[in-house]
4 protein chains.
Amino acid sequence: METGKMNEKQIQIVDAAEHLFAEKGFHGTSVRDIAEKAQVNLAMISYYFGSKDQLLEAMFEYKSNLMATQLEVLVHQSNSEPLEIIYSLIEHYIDKVLQQQPFHKIMVREQVVPSTSRVQELILGMRKRNLEIIHRVVTKGQVEGRFKKEIDFPLLMTTMFGAVNNMVTTQYYYRALSNLEHLSDEEFKQVIREKLYKHLKEIFKSTLTNEA
Amino acid sequence: METGKMNEKQIQIVDAAEHLFAEKGFHGTSVRDIAEKAQVNLAMISYYFGSKDQLLEAMFEYKSNLMATQLEVLVHQSNSEPLEIIYSLIEHYIDKVLQQQPFHKIMVREQVVPSTSRVQELILGMRKRNLEIIHRVVTKGQVEGRFKKEIDFPLLMTTMFGAVNNMVTTQYYYRALSNLEHLSDEEFKQVIREKLYKHLKEIFKSTLTNEA
Amino acid sequence: METGKMNEKQIQIVDAAEHLFAEKGFHGTSVRDIAEKAQVNLAMISYYFGSKDQLLEAMFEYKSNLMATQLEVLVHQSNSEPLEIIYSLIEHYIDKVLQQQPFHKIMVREQVVPSTSRVQELILGMRKRNLEIIHRVVTKGQVEGRFKKEIDFPLLMTTMFGAVNNMVTTQYYYRALSNLEHLSDEEFKQVIREKLYKHLKEIFKSTLTNEA
Amino acid sequence: METGKMNEKQIQIVDAAEHLFAEKGFHGTSVRDIAEKAQVNLAMISYYFGSKDQLLEAMFEYKSNLMATQLEVLVHQSNSEPLEIIYSLIEHYIDKVLQQQPFHKIMVREQVVPSTSRVQELILGMRKRNLEIIHRVVTKGQVEGRFKKEIDFPLLMTTMFGAVNNMVTTQYYYRALSNLEHLSDEEFKQVIREKLYKHLKEIFKSTLTNEA
DNA sequence: AATGAATGAGGTTTCATTCAT
DNA sequence: CATGAATGAAACCTCATTCAT
């Protein structure tokens, strides 16, 4: 399945699958469910994607391509301070996740298993790419003397990924515990976006620099 | 299923299920798999737990009780500074998660869906309990003038839960990215324990206090 | 399983089974249901009766003995006219069925299959005995010149059995169609008892004799 | 399941199920048995009917429609005497039952329980329809002064249903008791058809009219 | 290119029964 | 004598996939 070569029906299917996998998990979703939600003939899924597994793979190929595009641009465009670049990367990541919530829920579930499937390869690839990009910026900051010398990037990334993913996957709890049930979904999304911006920036700042 | 009233066979089953659910997900695991792994007759699972769903519930009841015990003790025993108490709570939480890794992987998966099942109730309950405990300590710190006045507890908790859970569920990636494959599982566990201790303490410190 | 040698627990079981078989059929009832209704340990059913099948057999032995007792007496005691004897036999049969409704419902279900099980043997035996008794009376009536010469007893019996059984098994429909829902169960029972008395006597009279 | 829209495979299944349910009862028959007898894949039964219960329902919808067709015609076509119309209705009913013996055996079993399932609804519907039709004819006879004024239709119907059903379900006994084992099945069917014709006509005549 | 029909495999659960005590 | 624990067999159903058209 070559990326970007999906026709309308295929996208319908992937979209339906995305929401269902996010909600009920891969195994908890039947191809029948997907066909129904996508308003597509049951056999079309095998016809287009070969199998349910391959549908998931295609989805990851498709989505990971959609996501990994502009990071490079972000880094190179800005000539500002390393911390500012980091900030914009953080914002970018949070935005992406909040835009692609269902897909991230799927990732949270599927990354649990360290199997060597195509899907895990893709996740690892995404992680690596993200890590390298931020690594370069951080190194730059270190060279410039603005960042600490000893920094555990993977751990910092884990913190960011973990905090954001946890917020997305457990927003229901967060909403209840913060008494934000009166907000619309969109308003609530804005609230957590801003909160995550601020919070993660502070964490990165205090972890990377010596400033308070 | 009353908690703490499990016999040996029941514990065998729950243990087997725990590992399989963690690895392959709830729907990805068949009761046959569980019976096989637990070396128990297939029908015994229904016999003891009624159904696969109820087995999961029983597991959550059982485990959540195992986990929620000593937090209170920790808080009340120590008469030291609020930050020290917080630190010990953080350590305690990290220890628990690292000890109960399979169970936490299950939680990560199952907490995704905001349904109103018994399981989600239990997760919410655990979260609430944890939140209240830390809330009290933080409030104490605020009253004593040691902590900032404006603190978003749920967000801070989300960060801790997220970072730790993400580390646990994606340790495979972390290990690869940090070039720690040469360590034994146990050594690696020690490493991330210490890293998480330090890292989260710093985050809490910088978030709660005005110190660097 | 010798008849009449049942202890209290066994009778409890048979009673429970009787009602459940009547309501849900033999196969539709599980031994668990029976044990529960009889408030008896599950294993006791196999223990006392050997198997579910044998429980049914024991029930039939027990019940058929209970039922077949006084018919002979009825015939011999009365020296009155044949038609009067027939009448009292009809009444006796109707009374028995109305008293033993659950058991008759079971019979209606179980007599459907012409297998050669012990149960069907018992049903056939009961039928034969009943037939012989009425046959003797009818023959007497014929000899005395009061009854027609050509009479199809089995058909007449079938009519009686069929009408009464159908009334018992479908009393729900009859009650609805006759607008008798306002009556209590006991009152309704009295009503259909009297109706069946009268109706069947008329049928027997017009079938057996030349009178209007 | 829309009536009359069954394809060949579906009819195969329903036919197989009909015979098995008649012989062994609904619960005594497994879907495996049905699939085997219908020479059809096991999964097709769920595929076409959803479940075993729904298969029974579909069967009842299908059969009850097959049966309820020409009664009206019978009544309206004949301009003859009420009693003659009644006679033709009786014959029609007996013919139907003898043609559809397996289905009637199922009805006898299933009508026992006064639950509010779809199946019982359908049985009640059939009964009501039949009752209304004969009711109109009887009323006509009463208006014309040919029939008695006080007649219990439901009871008379019960007698007819009961006698015919009992004959069908217990024909094995009847055959043995009447020494008709030497006849072929078809011959035996003819015999009981004629016997039931004659017998039920006499019963209706003597019940409805004042003639001998 | 697209699909309605069909299916083999495997899912969970319930069953009647037995066994050790 | 009685029973809680255990089990093999079979129940019904759903699954992902394929095939003929």
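By convention in this document, chain letters (A, B, ...) are assigned in the order of the sequence lines, proteins followed by strands, and residues within each chain are numbered from 1. Note that this is a predicted model, so its numbers are computed, not measured.
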Whichever of A/Gly50 and C/Arg32 has its nearest DNA chain F nucleotide further upstream toward 5': C/Arg32
Spacing of A/Glu36 atom CD relative to F/dC15 atom C1', expressed in whole Å: 15 Å
Rounded interatomic separation in angstrom, taking CD1 from A/Ile45 and P from E/dA2: 14 Å
Contacts of type salt bridge (charged side-chain N to carboxylate O under 4.0 Å, His left out), residue A/Asp53, not counting sequence neighbours: none
Close side-chain approach of C/Tyr48 to C/Lys9, heavy-atom, < 4.5 Å: yes
Nucleotide nearest A/Ala43 (side chain, heavy atoms from C-beta), chosen from E/dG8, E/dT12, E/dG4: E/dG4
Exercise: identify the closest heavy-atom pair between C/Gln39 and C/Gln12: O-NE2, 4.1 Å
Minimal non-hydrogen separation, C/Phe21 against C/Lys52, with atom names: CE2-CE, 4.4 Å
Consecutive-pair stems (3 or more, Watson-Crick or G-U, under 3.5 Å) for DNA chain F: E:2-21 with F:2-21
Most 5' of D/Ser46 and B/Met44 on DNA chain F, judged by nearest nucleotide: B/Met44
Phosphate OP1/OP2 of E/dA1: any A/Tyr47 side-chain N/O under 4.0 Å: yes
CD1 on A/Ile34 to CE on A/Met44, rounded to 0.5 Å: 13.0 Å
side-chain N/O C/Tyr48 vs F/dA2 OP1/OP2, d < 4.0 Å: yes
Exercise: identify the closest heavy-atom pair between C/Ala58 and C/Met6: O-CE, 3.9 Å
Interatomic distance, A/Ile13 CD1 vs E/dA2 C1' [rounded to whole Å]: 11 Å
Sugar-phosphate, base or nothing in reach of A/Leu42, heavy atoms under 4.0 Å: base
D/Asn41 side-chain proximity, nearest of E/dG8, E/dA16, E/dT18: E/dG8
